[in-house]
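Worksheet: the structure to be examined is printed underneath.
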Amino acid sequence: MNTTAPQTTTSHAADNSAAAAPPKVGIIMGSQSDWETMRHADAILNTLEIPHETRIVSAHRTPDRLAEYARTAADRGLSVIIAGAGGAAHLPGMCAAWTRLPVLGVPVESRTLKGMDSLLSIVQMPGGVPVGTLAIGSAGAKNAALLAASILALQNPELAARLEAWRAVQTASVADTPVTENE
């Protein structure tokens with residue numbers, strides 16, 4: 001388990017060439033324990049060289065921090081927010097209520113209900129406060145990063161090329177036929 005704390009810097013990877021650029025994506029989570037899931041979004045954004053930031057901003061324990069983060073996100077240059085939350089999972093919806101930016105919600109798997117509580121909380125937003133909801137857990141975090149990249153790539157041809165190259169590698173990694181090992 002990766003227990004490295006989310007940073008307040010632009011990027012986690014020292015080799016990310018985008019680290020010097022202002023962040024375009026914000027990754028937020030309700031608690032340190034959510035990092036195990038949300039680090040997968042961080043990794044994809046690093047791979048695609050998308051400048052981003054990570055923060056812990058709990059809807060319940062740090063509501064003023066969340067409000068400030070969401071209200072200032074656009075003025076600080078962010079274009080997309082990825083919000084991961086478990087349990088009651090109010091973080092993505094509350095963030096969306098305070099910003100005009102797209103908010104992508106990632107349900108974090110919980111011990112009690114395996115993330116179904118988080119999924120239902122995030123996906124059932126009232127009309128007028130949209131949150132794009134992804135899959136539960138690491139798959140959702142990865143796809144949130146890829147969706148954020150797709151949104152940014154609409155206005156960034158260089159990023160579009162990196163995203164297409166990433167997808168080409170994914171495609172090339174799939175075998176044409178099954179392989180029987182050790183026979």
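- Annotation: side chain of Ile28 is in contact with side chain of Leu66 (closest heavy-atom distance under 4.5 Å).
- Note on residues 93-103: no pairs pass side chain to side chain donor-acceptor pair (under 3.5 Å), not counting sequence neighbours.
- Applying the salt bridge (Lys or Arg N to Asp or Glu O under 4.0 Å) test to residues at least two apart or on different chains, the pairs with a partner in residues 68-79 are Glu53-Arg76.
- Looking at Asp34, its side chain does come within 3.5 Å of a backbone N or O of Gly30 through a donor-acceptor pair.
- Both Val80 and Leu147 are members of a single hydrophobic cluster when ILVMFWY side chains are connected at heavy-atom separations under 4.5 Å.
- Applying the side chain to side chain contact (heavy atoms under 4.5 Å, CB included) test to Ala88 and every residue at least two apart in sequence or in another chain returns His60, His90.
- To the nearest 0.5 Å, atom CD1 of residue Ile56 and atom CH2 of residue Trp35 are 9.5 Å apart.
- Under a hydrophobic-cluster definition in which Ile, Leu, Val, Met, Phe, Trp and Tyr are linked whenever side-chain heavy atoms come within less than 4.5 Å, directly or via other members, Val106 and Ile27 are assigned to the same cluster.
- When the side chains of ILVMFWY residues are joined at heavy-atom separations under 4.5 Å, either directly or via intervening members, Ile81 and Leu152 end up in two distinct hydrophobic clusters.
- Summarising the hydrophobic clusters (Ile, Leu, Val, Met, Phe, Trp, Tyr; side-chain heavy atoms under 4.5 Å, direct or chained), the residues clustered with Val179 are none.
- Hydrophobic clustering, with ILVMFWY side chains joined whenever heavy atoms are under 4.5 angstrom apart, keeps Leu45 apart from Leu78.
- Distance SG/Cys95 to CD1/Ile82: 11.5 Å, rounded to 0.5 Å.
- One distance of note links CG of Leu91 with CE of Met29; it measures 9.0 Å at 0.5 Å rounding.
- For the pair Met94/Pro63, no side-chain contact is recorded, criterion being any heavy-atom separation below 4.5 Å from C-beta on.
- For residues 131-157, no pair satisfies ring pair (Phe, Tyr, Trp, His ring centres under 6.0 Å), with sequence neighbours left out.
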Pairs of donor and acceptor atoms involving the side chains of residues 127-143, under 3.5 Å and at least two apart or interchain, shall be tabulated with distances.
from	atom 1	to	atom 2	distance (Å)
Thr133	OG1	Val131	O	3.4
Asn143	ND2	Ala139	O	3.4

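- In the hydrophobic clustering of this structure, Met38 does not group with Tyr69; members are Ile, Leu, Val, Met, Phe, Trp, Tyr whose side-chain heavy atoms approach within less than 4.5 Å, directly or through other members.
- Rounding to the nearest 0.5 Å places CG of Leu159 at 11.0 Å from CD1 of Ile151.
- Sorted by first and then second residue, the pairs that involve residues 106-119 and meet side chain to side chain donor-acceptor pair (under 3.5 Å), not counting sequence neighbours, are Ser110-Asp117.
- Of all the heavy atoms in Pro92 and Ala85, the pair that sits closest is CD-CB, 3.9 Å.
- Residues Ala89 and Ser121 approach most closely at O-OG, 3.5 Å, considering heavy atoms.
- For Ala149, the side chain to side chain contact (heavy atoms under 4.5 Å, CB included) test picks out Leu48, Ile50, Leu163, with sequence neighbours left out.
- For residues 120-165, no residue pair satisfies the ring pair (Phe, Tyr, Trp, His ring centres under 6.0 Å) rule, not counting sequence neighbours.
- A side chain to side chain donor-acceptor pair (under 3.5 Å) check over residues 160-171, counting only residues at least two apart or in different chains, returns the pairs Ser150-Arg167.
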